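When a ligand or atom number is given, it counts from 1 through the structure's own listing order. All of these numbers come straight from a predicted model, not from anything done at the bench.
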Amino acid sequence: MTSEVAAVLWDMDGTLVDSEGLWSISMAQLAAHLGGELSAATREELTGSSLRRTASTVLREVGLPDDDAAVTSAGRWLLDRTHEVFSRGLPWRPGAREALATVRAAGVATALVTSTYRELTEVALDSIGREWFDVTVCGDEVSATKPDPAPYRRACELLGVDPSACVAVEDSPTGTASAAAAGATVLVVPAGPDVAAGERRYFRDTLVGFTLGDLRLLHPTSVE
Ligand SMILES: [Mg+2]
């Protein structure tokens, strides 16, 4: 029934787990550590961003230079702080665990495609579980991070599937842009900032009640 969908590509932060809120706290703490403050608008804008872009934006917002060394050091601080927070366990987004189990049980190939670095993703996977994913692609393992299509392309390459036959599940404008640019159909489950409507973008308020039927409807070839 779902054989038309070659793979489901899961975003992590904000889609599977409520880690965007935790990132938001780490970012605010970094700003405070650097002697400044972060506006709510900037925090929202940084949802789904890469570590370097986040560090650089925080530095500029608190009035500090964002040269390479400063970005590396602020990024390291952010990683360490978030590592500590993640290791206490991550709260699931509503319906996410059940949705992962539904896809797994159907035998559809799966990937985790995250902007989060490998070392932190491994901490998150301790609480999410590794068994849900055939492959995992992290932010420090690709030539460019979301919104660039590189992470989704890489996941499809590892799975040996065509992106156009895949469904990506995303929560942020950045992640949705990445998956769409790679050619995947996107199931958008917004967690924070609004995601603009667009071709092959489908919206759901939450993953509660997600079924294989959702995948069938999502993929154009399966509704012909
Ligand atoms: Mg996300």
Quiz prompt | Enclosure of E199 CD (heavy-atom neighbours >12, cutoff 6.0 Å) | solution = no
Quiz prompt | P65 versus A70, closest heavy-atom pair with distance | solution = O-CB, 3.6 Å
Quiz prompt | 2.8 Å cut-off (strict), protein N, O or S atoms about the Mg ion (ligand 1) | solution = 3
Practice problem: Give me the ring orientation class for W23 and F86: parallel if the planes are under 30° apart, tilted from 30 to 60°, perpendicular past 60°. | Solution: perpendicular
Quiz item: Is there a donor-acceptor contact under 3.5 Å from the side chain of S73 to the main chain of A69?
Solution: no
Quiz item: Do the side chains of E141 and R154 get nearer than 4.5 Å, heavy atoms only?
Solution: no
Practice problem: Name all residues meeting the side-chain contact (heavy atoms from CB on, under 4.5 Å) criterion together with D66; count only those two or more places apart in sequence or in a different chain, and write none if there are none. | Solution: S56, L59, R60, V71
